[in-house]
Protein chains: 2
Amino acid sequence: MASRKEVAELAGVSEATVSRVLNGVGPIKEETKRKVLQASEQLGYVPSALARSFARSKSGNLGVVMPYVPKAHLFSAYFFSEMLSGIGNKARESGMDLLVMFRTPDEVMNYTDLFRRQKIDACIILGARDDPGELAALQQLQQEGHPFCVMNQHFAGQSFVEVDADHIKGSRQAIRHLTDQGYRKIAFLNGPDSYSNSQERLQGVQMGMQEAKMELDPSLLLEGNYSRRSGQEAAGHIANRLHEIDAVFAANDRMAIGVMHGLRERGIPVQDFPAFVGYDDSDAAEMAVPPLTSVRVPFYEMGELAARKLIDEKVGSPPANVSSLSSVSTRHLLPTELIVRASSIR
Amino acid sequence: MASRKEVAELAGVSEATVSRVLNGVGPIKEETKRKVLQASEQLGYVPSALARSFARSKSGNLGVVMPYVPKAHLFSAYFFSEMLSGIGNKARESGMDLLVMFRTPDEVMNYTDLFRRQKIDACIILGARDDPGELAALQQLQQEGHPFCVMNQHFAGQSFVEVDADHIKGSRQAIRHLTDQGYRKIAFLNGPDSYSNSQERLQGVQMGMQEAKMELDPSLLLEGNYSRRSGQEAAGHIANRLHEIDAVFAANDRMAIGVMHGLRERGIPVQDFPAFVGYDDSDAAEMAVPPLTSVRVPFYEMGELAARKLIDEKVGSPPANVSSLSSVSTRHLLPTELIVRASSIR
DNA sequence: TTGTAGGCGTTATCAT
DNA sequence: ATGATAACGCCTACAA
């Protein structure tokens with residue numbers, strides 16, 4: 001393992017010059033540059049990222065906090081992988097590495113320590129919970145001026161940098177798709193109300209209904225927990241009132257598929273199925289029988305956006321912006337898209 | 001941000017003593033320890049992981065190389081998430097952090113640089129390719145004595161530390177399950193022969209057949225690329241010879257489901273479907289219609305094992321083992337399990 | 001049991 | 001355009 005000193009000697013320059021050449025800073029004579037590069041090459045010199053981080057007191061790592069998922073089974077791994085890839089892509093472009101952390105069930109994440117330990121320079125939180133402990137931790141982060149971004153969860157009344165998809169519009173699209181085809185008796189299987197995501201979907205559904213001069217029948221508003229099983233259970237209600245229901249919109253694909261399963265279990269033939277629309281456009285949607293119409297969420301792009309936000313922020317933008325507008329627009333919503341498949345076509 | 005110096009002053013000791021207390025090394029008077037801890041607490045001191053890494057020239061990071069998956073869509077995200085969780089779990093237990101890297105399509109990974117840059121202390125490779133460039137890179141890694149572990153891919157003739165599932169046995173189980181029920185005309189839709197995984201599955205299939213005094217009909221050996229679409233295409237062959245086929249074993253769930261889709265597209269009713277067995281026991285298996293019998297692969301446990309191997313190795317084992325046996329047993333196979341669902345039951 | 005001091009490999013500042 | 005050199009914050013002999 002060649003050291004920088006050796007390179008400097010071989011090239012006949014000082015160590016500082018070696019640094020400058022390799023980091024491409026400062027004015028350097030072409031000749032010197034060549035010599036250094038050549039010596040470095042010859043000796044197979046690789047600068048230590050560790051020493052560099054230390055000297056700069058920057059780790060060069062972008063932290064990513066993954067939610068706790070019991071053996072990754074509760075939620076689909078699908079969208080976390082997508083987001084992670086998106087983040088990783090942007091991170092690489094700017095020369096940062098990804099430090100991935102898995103949240104444990106109980107433990108209240110101490111985000112600030114992560115920064116103080118200097119393990120990370122910025123942080124993306126995928127599994128933010130909506131409880132007071134979490135909120136406090138995030139507020140502290142913000143107060144100490146650490147760059148971070150929350151994905152998939154909105155904290156009302158805060159000015160956190162947030163990236164999410166536009167679930168209001170997404171749900172509206174789904175409902176419109178159904179009402180446009182003449183479906184009137186629409187059941188909505190939402191996720192737990194504690195997620196901002198679920199609340200937004202509900203808003204979107206209501207808007208969509210209103211646009212069609214209809215209203216969501218409260219007795220057709222069901223709640224699951226985003227698991228397939230909960231969809232399967234909801235199928236009981238739906239089966240009982242099958243004649244009063246001609247379409248089902250579920251807040252994610254897994255629940256939609258769960259409902260289909262539940263109906264099958266109860267011996268209901270496919271031709272008697274209501275129309276189905278799911279959400280997320282995960283792999284499962286196209287594998288479903290019948291293939292499931294679903295609201296596509298640009299998880300990959302969301303990951304990219306979140307990473308970019310943080311990287312830009314860190315790089316050089318002045319902390320104080322011209323107008324206070326910026327504090328209003330810390331939430332970034334990406335558009336969804338309805339992917340129509342057989343499950344929802346008359 | 002309190003510094004160590006301040007803590008030392010407040011506690012009335014030297015900085016070295018602060019270090020010793022916080023790292024729990026060396027003999028320390030109880031009284032001193034108390035003072036230091038208290039001072040540290042009071043000042044909210046958090047040691048810099050960066051400086052520590054630098055001083056120890058150990059990053060404390062476990063590298064994980066993810067395969068290139070175009071937008072994470074080609075393979076199911078499922079098993080990478082599982083393995084990653086398993087790795088993360090064990091890493092945390094031993095105080096290491098996870099540095100996740102995504103491979104790019106063309107680029108030949110330069111693994112050694114990762115170590116030389118001291119970004120990571122050990123490395124798990126999930127997406128190892130079976131080409132000469134990759135092999136050379138891994139050999140160099142080994143030669144330089146860097147701890148690493150390859151998952152899901154076997155390099156014959158090498159003594160790399162490898163972790164995989166026992167695909168021979170897994171495939172044998174699948175075939176036996178079918179033959180035990182009297183299925184005789186079994187088609188096998190394998191993945192590309194270039195993966196050691198596929199080769200092992202084929203072996204297992206052949207063994208299973210032999211055990212039932214049968215042979216795999218070469219014209220019923222199909223090859224896909226592990227994508228759903230390739231399964232859908234294979235369905236053409238299968239549909240054409242439906243009367244000569246009473247069961248289909250696919251090398252992963254996605255292809256199995258793809259075949260089912262393909263048959264449906266061709267208007268073949270479910271009751272005429274052959275029996276189906278998939279592989280991986282991914283989420284998709286239980287969402288399939290009919291629910292898909294599948295060979296469960298313990299991805300999570302594989303991740304844990306790989307991480308443990310590396311961590312143990314680094315911690316303190318003498319590099320030279322007593323017998324050369326260890327070099328023989330560098331490949332670790334975890335058992336699979338057949339999960340029986342409706343798709344394969346008469 | 002505790003303090004002192006050298007070293008780790010860069011970056012960055014100041015001279016030159 | 002380049003060279004010296006002082007940090008950076010911690011670990012770890014070695015000394016006391």
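Below, read A as the first sequence line, B as the second, and so on, with proteins coming before strands; counting in each chain starts at 1.
- Applying the side chain to side chain contact (heavy atoms under 4.5 Å, CB included) test between A/L62 and each of A/L310, A/D121, A/D97 identifies A/L310 as the sole match.
- Contact check, A/T32 against D/dT2: a side-chain N or O comes under 4.0 Å of OP1 or OP2.
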Sequence-aligned protein contact record of nucleotides 5-16 of chain D, with B where the base is within under 4.0 Å of a protein heavy atom and S where only the sugar-phosphate is: ---BBBBBB---

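- A/R92 places a side-chain N or O within donor-acceptor distance of the main-chain N or O of B/F102, the cut-off being under 3.5 Å.
- A sub-4.0 Å separation between OP1 or OP2 of D/dT2 and a side-chain N or O of A/T17 is absent.
- In this structure, the side chain to side chain donor-acceptor pair (under 3.5 Å) partners of B/S14, at least two apart in sequence or on a different chain, are B/T17.
- Taking the charged nitrogens against the carboxylate oxygens, A/K309 and A/E304 have no contact shorter than 4.0 Å, which rules out a salt bridge.
- Between B/E9 atom CD and C/dG3 atom P there is a gap of 13 Å when expressed in whole angstrom units.
- Taking atom NZ of B/K35 as the reference point, atom P of C/dT1 lies 14 Å away to the nearest angstrom.
- A salt bridge between A/R116 and A/E144 is present, with a side-chain N of the basic residue lying under 4.0 Å from a carboxylate O of the acidic one.
- Distance CD (B/E30) to P (C/dT2): 10 Å, rounded to an integer number of Å.
- Going from atom CG of A/L50 over to atom C1' of C/dT11 covers 15 Å, rounded to whole Å.
- Atom CG in B/L22 sits about 14 Å away from atom P in C/dT2, given to the nearest Å.
- Identified under the ring-ring contact (aromatic ring centres under 6.0 Å, His included) test for residues 2-33 of chain A, with sequence neighbours left out: none.
- To the nearest angstrom, P of C/dC8 lies 17 Å from NZ of B/K58.
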